[in-house]
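Here's the structure we're looking at; comments come further down.
In this text the structure is predicted, and so the values were computed from the model without any measurement. Values reported hereafter were calculated over all heavy atoms of this structure, with side chains retained and with hydrogens, waters and symmetry mates removed. Counting from 1, the numbers follow the sequence of the chain as shown.
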Amino acid sequence: MTKEENEKRLAYLKGIVSRLPEKPGSYQYYDEHGTIIYVGKAKNLKSRVSSYFHAEVDRFKTKVLVSKIHDISYTVVNTEEDALLLENSLIKKYNPRYNVLLKDGKTYPSICVTNEMFPRVFKTRTINKKWGTYYGPYSHLGSMYAVLDLIKKLCRPRTCRFPITKEGIEKKKYSVCLEYHIKNCGAPCVGKQTFEDYQRNIAQAREILKGNTRGVLQKLREEMETLAEQLRFEEAEEVKRRYLLISGFAAKSEVVSHTIDNTDVFSITSDEKTAFINYIHVTGGSINQSFTFEYRKRLNESDEELLALGIVEMRERFKSTSREIILPFALDLKLEGITLTVPQRGDKKTLLDLSVMNCRQYRFDRLKQAEKLNPEQKSVRLMKEIQAALRLPKMPYQIECFDNSNISGTDAVAACVVFKKMKPSKKDYRKYNIKTVSGPDDYASMKEVVRRRYSRLVEEEQPLPDLIITDGGRGQMEVVREVVEDELGLSIPIAGLAKDDRHRTNELLYGFPPVVVGMKTDSELFRLLTQIQDEVHRFAITFHRDKRSRHALHSELDDIKGVGPKSRDALLKALKSVRHIREADMETLASAVGKAKAAIVYSHFHGEADGRR
């Protein structure tokens, strides 16, 4: 598109915007092919649509959307609620490219009550409203099967698929099956159960599926007492059986409050690309529905915009008639006859906290699932978390950590481990023998190692780390800073992991002067940092032990000029000890290492140049 064509396009669009009414409604953007690419809603159409064409719009995604718009249409409605409903309807109908994308992930099962003369009750993943009424979907299969089991025992709906008709029953086209004989069905197909009695049972099943167990229990109790007064004890006993079944089921349900009834609860958590909205429905004081939806963002939509859209979507999907909605924050949204509540304490706040917990857990589970499929994603996430926690200028792709090891200053060594993309890069590990420090001086040892490490990297023009972590507190951080910044003039972020009195890592330090970075010690990120610390400690200790072992294994054979490690090992293998080597004659020594080496060894121990007795 040429500059002149683009200016002509913008002039045409601004002409439409200037004529928009200042009323609530929905607007639609079209691309050059006449396809709807975005659907929005507004309390004031003119104000909202014109905001897209302001020169100061700085969001990249919004600019991309505006560059694709070639036409605008709109629909005026009476209220903001109508605008929200219309927006939701159009998004589902046209699935515009730049609107949020609702991701169900998979089809969850529902329970269907058919529209037949003698309705059936069964689970299904296929929704066809011509067949019957659907309850659900159920994200927790255990809850769904518990409801179905209750309905089977309580209402005994038929399981056969015969198209039973009144005429067929009168003509005796059907016969009883095994379900009747094992008392799972009342056999309405042959008239053993009346139509009215069967419908009464199905009505109870519908109430249970709606979560109205309290109402069903009240009716059953009244019926049971009436039958008992009329001395119809056998019928009263059957009603009692039903009452106990429902009571047992209701007792297992999560009761949140006996004062909260027919209420919806919503919460949201989001990141740059995705939002998760949890929906909980409470009936009779118990949770009878909990579901979390995932929305893929397209234009950096705010949590307020997404939550408003989610409320309409979920209430429509779950056929909610609740007159109260509990929310985590206030919304500039008016729904006729519905109260929006942001609780601060009490049972409603407890219920909201439960929704938030479910929302976060679902997000965490989805994240773990994605990271199993793409391990690189986890590394990037953790690097971003460190960057955010320490406010680093860039993600710490390469992290290096140092540690010293010595016993009273002897065999002093140090080690450096390198992590790249949050994984150990063992080919880059380095061991250091301390050369310029005598005695147990950890600070001086650390200075020497850091100076040697980064002087060499600079000299060889090797990449420097994005973050240095010291195995120690403020003192270790300061000596590293003195070398890195003051001596070498390098700008590398430095953090420290400090231990408590029990020698357990409990603090992450950063900055100068160092301050504690707020981070939970049981978080995944903190565990990773302590893993880095444990790795450098293990590497340093192993190196120190190897060095001590070499000193401990030093024998008199190592001091014999002309006898190398192979000859030494051959002698020890054959004669087992230095004492046996000293006492051996020339023939014995020669059989192990040859005459020339045998003469050298023999003369060392016996002082005879010719190697003879």
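Partners of R200 under the side-chain contact (heavy atoms from CB on, under 4.5 Å) rule, at least two apart in sequence or in another chain, are D197. With sequence neighbours excluded, no residue forms a salt bridge (Lys or Arg N to Asp or Glu O under 4.0 Å) with E179. Residues that satisfy the side-chain contact (heavy atoms from CB on, under 4.5 Å) test with S320, not counting sequence neighbours, are D264, Y279, H281, R315, S322. Considering only residues two or more places apart in sequence or on other chains, D332 meets the side-chain contact (heavy atoms from CB on, under 4.5 Å) condition with K43. A search for salt bridge (Lys or Arg N to Asp or Glu O under 4.0 Å) contacts involving K153 returns D149, not counting sequence neighbours. Under the rule for a salt bridge (Lys or Arg N to Asp or Glu O under 4.0 Å), D31 has no partner lying at least two apart in sequence or in another chain. For K166, there are no salt bridge (Lys or Arg N to Asp or Glu O under 4.0 Å) partners, not counting sequence neighbours. When the side-chain contact (heavy atoms from CB on, under 4.5 Å) test is applied to N95, the partners found at least two apart in sequence or on another chain are L101. Evaluation of the ring-ring contact (aromatic ring centres under 6.0 Å, His included) rule for F419 yields no partner, not counting sequence neighbours. Residues forming a ring-ring contact (aromatic ring centres under 6.0 Å, His included) with F118 (at least two apart in sequence, or on another chain): F195, Y198.
Interatomic distance, M383 CE to L392 CG, rounded to the nearest 0.5 Å: 12.0 Å. A distance of 5.0 Å separates CG in L331 from CG in L307, rounded to the nearest 0.5 Å. Rounding to the nearest 0.5 angstrom, the gap separating the CG atom in L154 from the CG atom in L220 is 7.0 Å. Between the CD atom of Q193 and the CD atom of Q199 there is a distance of 10.0 Å, given to the nearest 0.5 Å. Distance check: I91 CD1 to N99 CG gives 4.0 Å after rounding to the nearest 0.5 Å. Separating the OH atom in Y74 from the CD1 atom in I16 is a distance of 9.5 Å, to the nearest 0.5 Å.
At least one side-chain heavy atom of V516 sits less than 4.5 Å from a side-chain heavy atom of L509. Residues I202 and V121 have side chains in contact (heavy-atom distance under 4.5 Å, counting atoms from C-beta outward). Considering only heavy atoms from C-beta on, I326 stays 4.5 Å or farther from I280 through its side chain. Proximity of N201 to R156: side-chain heavy atoms (C-beta onward) are nowhere separated by under 4.5 Å. Side-chain contact between E7 and L10 is absent, with no heavy-atom pair separated by less than 4.5 Å. With contacts defined as side-chain heavy-atom distances shorter than 4.5 Å, the pair L306/F293 does not qualify. Side-chain contact between T114 and F122 is present, with heavy atoms from C-beta onward closer than 4.5 Å. Counting only heavy atoms from C-beta outward, the side chains of D271 and K297 never approach each other to under 4.5 Å.
By the neighbour-count criterion of 12 heavy atoms within 6.0 Å, atom CZ of R221 is sparsely surrounded, having that number or fewer from other residues, nucleotides or ligands. For CZ of R120, the number of neighbouring non-hydrogen atoms (other residues, nucleotides, ligands) closer than 6.0 Å is greater than 12.
When all heavy atoms of A308 and L333 are compared, the closest pair comes out as CB-CD2, 4.3 Å. Scanning all heavy atoms of the two residues, the minimum distance from R125 to P109 falls at NH1-CD, 3.5 Å. The minimum heavy-atom distance between V113 and R206, with the atom names listed, is CG1-NH2, 3.3 Å. Considering every non-hydrogen atom in both R48 and K41, the closest pair reads CG-O, 4.1 Å. Here the shortest heavy-atom pairing between M314 and I277 reads CE-CG2, 3.3 Å. Of all heavy-atom pairs spanning P396 and D466, the tightest one is CA-CB, 3.6 Å.
Judged by distance alone, the side chain of T341 and the main-chain N or O of P343 form no donor-acceptor pair under 3.5 Å. Side chain of T292 to backbone of C359: no donor-acceptor contact under 3.5 angstrom is found. The main-chain N or O of Y30 is never found under 3.5 Å from a side-chain atom of D71 such that the two would form a donor-acceptor pair. Remark: side-chain polar atoms of R158 are not paired, donor with acceptor, to backbone N or O of C185 under 3.5 angstrom. Under the 3.5 Å distance criterion, the side-chain polar atoms of T269 are left unmatched by any main-chain donor or acceptor of R360. In this structure, the side chain of E116 does not engage the main chain of T165 through any donor-acceptor pair within 3.5 Å.
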Could you go through residues 348-355 and list every donor-acceptor pair under 3.5 Å that involves a side-chain atom there, pairing it with any protein atom two or more places apart or in another chain?
{"residue": "K348", "atom": "NZ", "partner": "E324", "partner atom": "OE1", "Å": "3.3"}
{"residue": "K348", "atom": "NZ", "partner": "E324", "partner atom": "OE2", "Å": "2.6"}
{"residue": "K349", "atom": "NZ", "partner": "D353", "partner atom": "OD1", "Å": "2.8"}
{"residue": "K349", "atom": "NZ", "partner": "D353", "partner atom": "OD2", "Å": "3.3"}
{"residue": "T350", "atom": "OG1", "partner": "G346", "partner atom": "O", "Å": "3.2"}
{"residue": "S355", "atom": "OG", "partner": "S267", "partner atom": "OG", "Å": "2.7"}
{"residue": "S355", "atom": "OG", "partner": "N278", "partner atom": "OD1", "Å": "2.7"}

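Looking only at atom types and distance, the side chain of K68 has no donor-acceptor partner in the side chain of Y38 under 3.5 Å away.
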Evaluation steps, salt bridge (charged side-chain N to carboxylate O under 4.0 Å, His left out), between E5 and R9: CA-CA 6 Å; E5 289 174 334; R9 178 185 68 90; over 6 Å; no
Audit row: Y510, R391, side chain to side chain contact (heavy atoms under 4.5 Å, CB included) steps and yes/no: CA-CA 10 Å; Y510 185 71; R391 298 180 181 178; 5.9 Å; no
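Applying the side chain to side chain donor-acceptor pair (under 3.5 Å) test to residues at least two apart or on different chains, the pairs with a partner in residues 18-29 are S26-Q28, Y27-Y52, Q28-S73.
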